[in-house]
Amino acid sequence: MAKAIKDFITAFFISFFTKWLEDFFILSAVIIVVVNTYLITVINYNILAGNYVLAAFLFIIGIFIARR
């Protein structure tokens, strides 16, 4: 049973890093942009700018991994 669980976890992480990681990065970038757009009047501008830079970085990394 322990070997089956270990094999499942290993297969999940291999599948996650090879197939879903770019989708996860792009989706998280889109979510960060949408949330920041709604919070423009609440958050300080330096935090807002940092969040947009983080979203751009995640988006670029996601596109780079997807093209590989």
Side-chain angles (χ1 to χ4, degrees):
M1 186 67 177
K3 183 172 176 10
I5 293 172
K6 181 183 175 188
D7 290 342
F8 172 75
I9 291 172
T10 304
F12 174 76
F13 279 113
I14 288 173
S15 176
F16 178 76
F17 285 116
T18 58
K19 296 180 182 176
W20 300 338
L21 191 60
E22 66 269 6
D23 296 333
F24 177 73
F25 281 156
I26 293 170
L27 180 66
S28 62
V30 169
I31 289 172
I32 289 173
V33 167
V34 168
V35 168
N36 278 328
T37 302
Y38 284 110
L39 295 176
I40 283 179
T41 59
V42 179
I43 298 177
N44 294 336
Y45 290 119
N46 56 352
I47 296 172
L48 191 68
N51 286 340
Y52 279 123
V53 169
L54 173 65
F57 181 73
L58 289 174
F59 187 75
I60 289 170
I61 294 296
I63 294 295
F64 179 73
I65 292 173
R67 297 201 72 175
R68 181 179 57 103

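Sequential numbering from 1 along the given sequence is applied to the chain's residues.
When the side chains of ILVMFWY residues are joined at heavy-atom separations under 4.5 Å, either directly or via intervening members, L27 and I63 end up in two distinct hydrophobic clusters.
Summarising the geometry of E22 relative to G62, their closest heavy-atom pair is CB-O, 3.3 Å, with the distance given to 0.1 Å. Minimum heavy-atom separation, A29 to A55: CB-O, 3.2 Å.
Evaluation of the side chain to side chain contact (heavy atoms under 4.5 Å, CB included) rule for F13 yields I9, F17 as partners, not counting sequence neighbours. In this structure F25 satisfies the side chain to side chain contact (heavy atoms under 4.5 Å, CB included) test together with L21, L58, I61, I65, sequence neighbours excluded.
The CZ atom of F24 sits 12.0 Å away from the CD1 atom of I26 when rounded to the nearest 0.5 Å.
For residues 32-61, there are no salt bridge (Lys or Arg N to Asp or Glu O under 4.0 Å) pairs, not counting sequence neighbours. Listed by first then second residue, pairs satisfying salt bridge (Lys or Arg N to Asp or Glu O under 4.0 Å) with a partner in residues 5-17 read K3-D7, not counting sequence neighbours.
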Under 3.5 Å, sequence neighbours excluded: what are the donor-acceptor pairs made by side chains of residues 42-54?
from	atom 1	to	atom 2	distance (Å)
N51	ND2	N36	OD1	3.2
Y52	OH	T37	N	3.4
Y52	OH	T37	OG1	3.2

